[in-house]
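As C-alpha cells, the structure follows; a few thoughts come after it.
Ligands are counted one by one from 1 in listed order, and the atoms in each one are counted from 1 as well. Everything quoted here is computed from the prediction, not taken from an experiment.
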Amino acid sequence: MTPTAYLVLSSVTVLLLSYIYYKLHPTPLPSIPYNLSAPRRAFGDLRAIKAQGRLIKEPSAAMFAVAKNLGSPIAQLLLTSFSSPIIVIDDPREVEDVLVRRNREFDRSPLTTRFFQPMLPACTIAQLTTPALRAQKRLWSDVMSNDFLKRVVAPNIREAARELVELWGLKAEQAGGEQPFEVGVDFEDAALDAICVAVLGLKMGVTRGQIDKVRGEMTGGHDSEAEDPFADTRSSAAILRKTLKYLNDIVDAGFTSVWPEFAFWRIRMSPAYRRFKKISDNEMQRLMAGACERFQRLEALDGETAGEELDTCAMDLVLRREIITARKTGEVKSDPTRDPAMLQELLLFLLAAAFPGPELPSAADIVNTDIPYLDAVIEETVRVVATAGIIARITVVDTEVLVAVREDIRSATSQAAQAKRTRGGLDGDSGHDLHLFEPRRWLTRDETQGGKEVFDAFALPALGFGGGLRGCFGKRLAMQELRILIALLVLKFEFLPLPEKVASMEAEEKLFRRPKTCHVKLRAL
Ligand code: HEM
Ligand SMILES: *[C@@H]1O[C@H](CO)[C@@H](O)[C@H](O)[C@H]1NC(C)=O
C-alpha cells in the first residue's frame with residue numbers, strides 16, 4: 001500500500017469511528033422532558049435502565065422509573081441516535097386515548113413484535129396493521145362472539161374450573177388445612193385445559209393428570225402410567241409449555257440489548273432455536289390436523305345429532321369461515337395444516353391462556369348472573385396485576401401527545417371521553433390510592449334502579465388488555481375465564497390468610513408480569 005493510500009484509509013477509519021461514537025449519543029425530540037445528562041452519554045439512559053432492571057427484575061418498571069425521576073407523566077428514554085427515543089407516558093387517560101381513539105396515528109410497536117418475531121412471525125401480535133392483518137383478525141372474529149363464548153367456551157372453562165376445585169380439595173386435604181401450597185402451575189394447567197378444548201375440541205386432561213397423581217400419592221402411590229389415557233396430550237402440553245418458556249427466555253435479549261434486531265437475528269441463527277422451532281411447528285401441525293379431521297367428520301354428519309361431538313370448537317368456526325371466503329373469492333382454500341398464519345395464531349391462543357394469574361353453579365349461572373362485586377374484583381385484579389408491564393405503540397405519522405396535564409390541551413377525543421365519566425374518572429372517587437387493591441372503585445349506585453349497587457366498567461380507563469384496534473383479542477374470553485374460575489373457587493373454598501413469607505405481591509417480568517410466588521391456604525366449604 002502506498003503511504004497516501006494508507007493515510008486516506010486511516011483517515012476514513014478514524015472519521016467513521018468518530019461518526020459512530022458521535023451517533024451513539026442520543027438526540028432528544030423537542031419539548032418532551034428527558035434526563036439532561038443522557039444526550040452527553042453514549043447509550044444515553046440505557047445503563048440506568050439496565051441497572052434499575054436488574055434491581056427490580058421488572059424491565060418495564062425500570063423504563064417508567066426514568067419518567068418518575070423526572071417528575072413528569074411523559075418523558076423520553078434516550079438510547080442512541082441510531083434509533084428514535086422511546087416516549088413513556090404514565091398517564092392512564094392519555095394512554096387510553098392513544099390506544100382506543102387514535103388508531104390512525106399509532107400502530108403496534110416493535111417493542112412488542114420483536115419478542116414474538118422469532119417463534120411466531122405470522123401471528124397477529126407480531127405484525128403491524130396491514131390489510132392482510134385485518135383479514136387474519138376477521139378470520140378469527142367469531143371466536144370471541146358473545147354467543148360462542150357463552151355457549152361453547154363457558155362450559156369448557158367451567159369443566160376446567162371444576163377439576164381445579166377437585167385438585168385443590170385434594171391438596172388442601174393433603175396439607176391438612178394447615179400448610180399453604182403453590183398453585184401458579186395449577187392455574188396454567190386449568191387455563192390450558194380450557195383453551196384447548198374450546199379452540200381445538202381437544203381434551204388435554206392436564207389437571208386430570210395432576211388429580212390422579214395427587215390421589216395416587218394419598219392412597220400409597222400406585223403407578224397409573226399404564227392406564228394413562230392422556231399420555232399423548234400430556235406430551236403436547238409439555239411442548240406448549242416448553243415453547244412458552246423459550247419465548248420467555250429470549251425476552252431478555254430484546255429488553256437489554258442496544259441493538260435488539262441483531263440480538264434476535266443471532267437467536268434465529270442458532271441451532272438451538274432451529275431445533276426448537278421445528279419441534280414446536282410440528283406439534284402445531286399435528287394438533288391442527290386433528291382439528292381438521294374432526295371438523296371434516298362433523299361436516300360429513302351435516303346436522304345429524306352426534307351428541308357431544310357436535311359441540312363445535314373455535315377451529316370449526318374458523319375452518320368454516322375459510323371455506324365460505326374461498327367460495328366467495330374463488331380462491332383455493334389454503335391447507336390449514338401448512339398455513340403459518342393459522343398455525344401460529346393457534347399457538348398464540350394456547351400460550352396466551354397460560355398467562356392469567358387465578359354443588360357448583362352451572363357455567364350459564366355464572367356468566368348470566370349479575371354480581372357487581374365479582375365484576376369489580378376482576379376488573380381491579382386485571383388493573384393491579386398489570387400483566388403487560390407496558391403497552392407499546394409506534395407513531396405512524398407526526399403527532400402530539402400530552403405536553404402537560406392541563407385539561408384544555410388534551411386532545412378533543414380525550415376531553416370528550418372524560419365528559420362521559422360522570423363520576424370524574426381518575427379525578428373522582430374511583431381514582432383514589434391507585435396503588436391499592438380496592439374493588440369498590442368500580443362500583444356505583446344507579447339512581448334509576450332505586451340506588452342499587454352496580455358495576456361501573458367506565459369508572460377508570462381500563463388498560464390491562466391494551467386497547468383499540470390492536471388491543472387484546474382474547475379479552476372477553478380471559479374475563480369470562482376469570483369470572484368462572486373465581487366464582488367456583490370462592491364458592492368452594494375459604495381462602496385463609498397466608499404466612500408472611502409466601503404472601504408476597506412481588507412480580508417477575510418476562511414476556512408478561514407474573515407473580516413470583518402464588519400460594520393459597522384453603523379450607524374446603
Ligand atoms: C388475563 C389474560 C390476558 C391479558 C392480561 C392479555 C393482555 C394482552 C395485551 C396487553 C395485549 C397487547 C394489546 C395492545 O397492544 O393494545 C394482548 C394482545 C393479544 N392477546 Fe391477550 N391477554 C390475555 C389473554 C388472552 C387470551 C386468552 C387470548 C386468546 C385466546 C389472547 C389473545 C391475544 C391476541 C391475539 C393479541 C394480539 C392482538 C393484535 O395484535 O391485534 N389474549 N393481550
Ligand atoms: C439522570 O441520570 C443520571 C445517570 O443515570 C442519574 O444519576 C440522575 O439521577 C438522573 N437525573 C434525574 C433527574 O433523573
Side-chain angles (χ1 to χ4, degrees), residues 33-41 43-52 60 62 65-72 75 77-78 95-96 98-100 103 106-109 111-113 115-116 120 123-130 133-134 136-141 143-144 148-149 153 157 187-188 191-192 194-196 198-200 314 341 344-358 378-379 381-394 462-483 485 511-514:
Y34 56 90
N35 185 320
L36 292 177
S37 67
R40 293 201 295 270
R41 278 192 303 264
F43 303 117
D45 288 311
L46 186 68
R47 194 143 5 121
I49 296 172
K50 269 190 173 179
Q52 184 78 8
S60 61
V66 175
K68 279 217 168 67
N69 286 340
L70 295 168
S72 165
L77 304 185
L78 301 171
V95 172
E96 181 190 53
V98 164
L99 295 178
V100 179
N103 286 298
F106 301 91
D107 196 359
R108 165 68 36 78
S109 156
L111 280 177
T112 303
T113 58
F115 298 127
F116 295 91
L120 303 162
C123 80
T124 47
I125 206 166
Q127 297 177 60
L128 298 182
T129 310
T130 60
L133 181 277
R134 286 172 190 267
Q136 189 171 343
K137 283 176 82 95
R138 253 195 317 277
L139 193 59
W140 288 88
S141 56
V143 172
M144 293 295 154
F148 184 73
L149 286 180
V153 181
I157 293 175
F187 275 123
E188 288 175 15
L192 190 57
I195 194 87
C196 273
V199 176
L200 284 168
Q344 291 173 24
E345 198 65 13
L346 177 60
L347 178 53
L348 179 65
F349 286 9
L350 301 182
L351 297 178
F355 294 141
I378 293 167
E379 200 65 57
T381 303
V382 170
R383 185 185 74 82
V384 170
V385 298
T387 311
I390 48 170
I391 313 277
R393 288 293 183 273
I394 191 166
L463 304 169
F465 291 93
L469 202 55
R470 302 310 303 272
C472 177
F473 173 74
K475 175 177 178 181
R476 290 159 61 98
L477 191 157
M479 290 298 260
Q480 191 186 64
E481 180 169 333
L482 286 171
R483 187 179 174 86
L485 272 175
L511 257 187
F512 286 81
R513 279 184 91 236
R514 43 191 313 149

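- Atoms of ligand 1 found under 4.0 Å from any heavy atom of G471 (numbered from 1 in listed order, with element): 13 (C), 14 (C), 16 (O), 38 (C).
- The shortest side-chain heavy-atom distance between L351 and L511 does not fall under the 4.5 Å cut-off.
- Put simply, the side chain of I125 does not reach to within 4.5 Å of the side chain of L120, judged on heavy atoms.
- Listed here is the closest heavy atom pair of V385 and R513: O-NH1, 2.6 Å.
- You'll find the side chain of Y34 stays beyond 4.5 Å of the side chain of V66, heavy atoms only.
- Within 4.0 Å of ligand 2, protein heavy atoms belong to N35, S37, R41, A48, N69, L70, listed by chain and number.
- Ligand 1 places these atoms under 4.0 Å from at least one heavy atom of G467: 16 (O).
- In T387, the part holding a heavy atom less than 4.0 Å from any atom of ligand 1 is the side chain.
- Looking at E345 next to ligand 1, no N or O pair under 3.5 Å apart turns up.
- Those atoms of ligand 1 with a heavy atom of L348 less than 4.0 angstrom away are 34 (C), 35 (C).
- A pairwise comparison of heavy atoms in F106 and R393 identifies CB-CB, 4.0 Å as the closest pair.
- Within the structure, the closest approach of K475 to ligand 1 does not fall below 4.0 Å when heavy atoms are considered.
- Checked by distance only, ligand 1 and M144 stay at 3.5 Å or farther apart across all their nitrogen or oxygen atoms.
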Inset, instruction - Could you walk me through whether V382 and L482 pass the side-chain contact (heavy atoms from CB on, under 4.5 Å) test, one step at a time? - result: CA-CA 10 Å; V382 170; L482 286 171; 3.9 Å; yes
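- Atoms of ligand 1 lying under 4.0 Å from any heavy atom of G466, numbered from 1 in the order shown and given with element: 10 (C), 13 (C), 14 (C), 16 (O).
- Contact annotation: for R108 versus ligand 1, heavy atoms closer than 4.0 Å belong to the side chain alone.
- Counting heavy atoms under 4.0 Å from ligand 1, residue T112 does not touch it at all.
- Looking at R470 next to ligand 1, an N or O pair under 3.5 Å apart turns up.
- Closest heavy-atom approach to atom 18 (C) of ligand 1 within the set G464, C472, A478, A388: this belongs to C472.
- Note on ring orientation: taking the six-membered ring where Trp is involved, the planes of W140 and F349 are perpendicular (angle over 60°, cut-offs 30° and 60°).
- The two residues G466 and L99 have their closest heavy-atom pair at C-CD1, 3.7 Å.
- If you look at I391 next to ligand 1, the close heavy atoms, those under 4.0 Å, all belong to the side chain.
- Smallest separation of non-hydrogen atoms from A65 and Q52: CB-NE2, 4.0 Å.
- Without hydrogens or angle criteria, D45 side chain to L78 main chain gives a donor-acceptor distance under 3.5 Å.
- Residues T113 and R108 bring no donor and acceptor atom of their side chains to less than 3.5 Å of each other.
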Inset, instruction - Report the C-alpha separation of I391 and V98 in whole Å, then their side-chain angles, then the decisive distance to 0.1 Å, and conclude whether the side-chain contact (heavy atoms from CB on, under 4.5 Å) test is met. - result: CA-CA 11 Å; I391 313 277; V98 164; over 6 Å; no
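- At a heavy-atom distance under 4.0 Å, only side-chain atoms of K137, from C-beta outward, approach ligand 1.
- Using modelled atom types, one side-chain atom of R470 and one backbone atom of Q127 make a donor-acceptor pair closer than 3.5 Å.
- The ligand atoms of ligand 1 that sit less than 4.0 angstrom from a heavy atom of A352 are 25 (C), 26 (C), 28 (C), 31 (C), 42 (N).
- At least one heavy atom of R393 sits closer than 4.0 Å to an atom of ligand 1.
- At least one side-chain heavy atom of L149 sits under 4.5 Å from a side-chain heavy atom of L477.
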